[in-house]
Amino acid sequence: RSLAQGCSALGAELRIASPEGYGLPDTLDGVRQLVDPHEAVEGAEFVYTDVWVSMGQEEEAEERRRTLAPYQVNASLAPNAWFLHCLPARRGEEVTDEVIDGPKSAVWRQAENRMHSARGALAWMMGARP
């Protein structure tokens, strides 16, 4: 949700692929919600995914895995795009090993930068200014 809001605020194009009932509840400028994952990633420079089953959703796990299986990021879905994931990833579910460990994966750099972003946000909240 926050990525979609940020893209909308910056005027960046964002396409979200999800089954009916799994998308964002409202419309944001520049954000297209699609059901077809192949249409969503067509020409994409980056593909970003998240876990399919979050904490507190354990009772829905099997249904979510079945419903979201066509949305797995694998080599055939987005062969030329950079891959991003906020981690931890569930390999074999939302992403395959060949993608997350592949040469176009930026998840480890993304994770490293998250630490610096969090430290900067914490410093700002404590009153530090440039």
Side-chain angles (χ1 to χ4, degrees):
R1 174 100 185 127
S2 58
L3 178 61
Q5 290 173 323
C7 287
S8 180
L10 295 172
E13 178 188 5
L14 177 69
R15 289 175 265 164
I16 298 173
S18 62
E20 293 290 339
Y22 284 77
L24 297 175
D26 54 354
T27 304
L28 297 167
D29 290 337
V31 178
R32 288 182 52 212
Q33 296 193 67
L34 304 160
V35 173
D36 181 355
H38 295 280
E39 182 182 355
V41 301
E42 188 175 320
E45 294 180 52
F46 297 91
V47 173
Y48 194 122
T49 192
D50 198 357
V51 296
W52 293 346
V53 181
S54 296
M55 291 185 297
Q57 296 176 321
E58 291 80 9
E59 288 138 17
E60 306 170 26
E62 285 309 311
E63 179 183 339
R64 291 178 74 84
R65 286 184 188 108
R66 274 191 308 276
T67 303
L68 295 167
Y71 297 84
Q72 181 187 66
V73 180
N74 53 49
S76 67
L77 181 63
N80 298 312
W82 284 95
F83 177 70
L84 299 168
H85 193 297
C86 58
L87 298 180
R90 293 192 178 168
R91 294 164 179 262
E93 287 186 19
E94 73 271 7
V95 64
T96 60
D97 289 342
E98 68 183 329
V99 170
I100 197 168
D101 295 329
K104 298 283 282 192
S105 175
V107 297
W108 307 117
R109 283 183 276 167
Q110 179 186 8
E112 178 184 8
N113 288 328
R114 186 178 310 115
M115 177 185 64
H116 301 304
S117 298
R119 287 190 332 198
L122 183 59
W124 183 84
M125 287 186 285
M126 294 177 69
R129 300 292 186 269

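Given the structure is predicted, the values throughout are model-derived calculations rather than measurements.
With a 4.5 Å cut-off on side-chain heavy atoms, Arg1 and Leu24 count as touching. Residues Val51 and Glu94 are in side-chain contact: their nearest non-hydrogen atoms beyond the backbone lie under 4.5 Å apart. Taking the side chain as every heavy atom from C-beta outward, Arg90 and Val53 approach each other to under 4.5 Å. Under the 4.5 Å side-chain criterion, counting only non-hydrogen atoms from C-beta, Glu39 is in contact with Arg32. Proximity of Ser8 to Leu14: side-chain heavy atoms (C-beta onward) are nowhere separated by under 4.5 Å. Taking the side chain as every heavy atom from C-beta outward, Trp124 and Arg129 approach each other to under 4.5 Å. At least one side-chain heavy atom of Leu87 sits under 4.5 Å from a side-chain heavy atom of Trp108. The side-chain heavy atoms of Tyr71 and Val35, taken from C-beta on, include a pair separated by under 4.5 Å.
Closest non-hydrogen pair, Pro70 versus Pro37, comes out as O-CG, 3.5 Å. Here the closest non-hydrogen pair linking Ala4 and Val31 is O-CG2, 3.8 Å. Taking each heavy atom of Ala40 and Ala17 in turn, the nearest pair found is CB-CB, 3.5 Å. Closest approach of Ile100 and Ser105 over heavy atoms only: O-OG, 2.8 Å.
When the shell of 6.0 Å around CD of Glu63 is examined, it contains 12 or fewer heavy atoms from other residues, nucleotides or ligands. Around CE of Met115, the count of heavy atoms belonging to other residues, nucleotides or ligands within 6.0 Å exceeds 12. Heavy-atom neighbours of Asp26 CG from other residues, nucleotides or ligands within 6.0 Å: above the threshold of 12. Within 6.0 Å of the CD atom in Gln57, the count of heavy atoms belonging to other residues, nucleotides or ligands exceeds 12.
In this structure, the separation between CD1 on Ile16 and CD on Gln33 is 5.0 Å, given to the nearest 0.5 Å. Residue Cys86 holds its SG atom at 3.5 Å from CG of Asp50, rounded to the nearest 0.5 Å. A distance of 10.5 Å separates CD of Glu58 from CZ of Arg64, quoted to the nearest 0.5 Å. With rounding to the nearest 0.5 angstrom, the CD atom of Glu112 is 9.5 Å from the CZ atom of Arg109. Going from atom NE2 of His38 over to atom OG of Ser76 covers 6.0 Å, rounded to the nearest 0.5 Å. Between Phe83 atom CZ and Leu77 atom CG the span is 10.0 Å, to the nearest 0.5 Å.
Grouping the Ile, Leu, Val, Met, Phe, Trp and Tyr side chains by contacts below 4.5 angstrom, directly or via other members, places Phe46 with Leu3. In terms of hydrophobic clustering, with Ile, Leu, Val, Met, Phe, Trp and Tyr side chains grouped at heavy-atom distances under 4.5 Å, Val73 and Leu84 are assigned to different clusters. Follow the hydrophobic side-chain contacts under 4.5 Å out from Val99 and you never reach Trp82; the two are in separate clusters. The hydrophobic clustering, which links ILVMFWY residues whose side-chain heavy atoms are closer than 4.5 Å, places Val95 and Trp52 apart.
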Q | From CA spacing to verdict: side chain to side chain contact (heavy atoms under 4.5 Å, CB included), Leu68, Glu93 | A | CA-CA 9 Å; Leu68 295 167; Glu93 287 186 19; over 6 Å; no
Q.
Could you walk me through whether Lys104 and Asn80 satisfy the side chain to side chain contact (heavy atoms under 4.5 Å, CB included) test, starting with their C-alpha distance in whole Å, then the side-chain angles of each, then the deciding distance to 0.1 Å, before giving a yes or no?
A. CA-CA 8 Å; Lys104 298 283 282 192; Asn80 298 312; 5.6 Å; no
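The pair Arg15-Asp36 does not count as a salt bridge, with every side-chain nitrogen at least 4.0 angstrom from each carboxylate oxygen.
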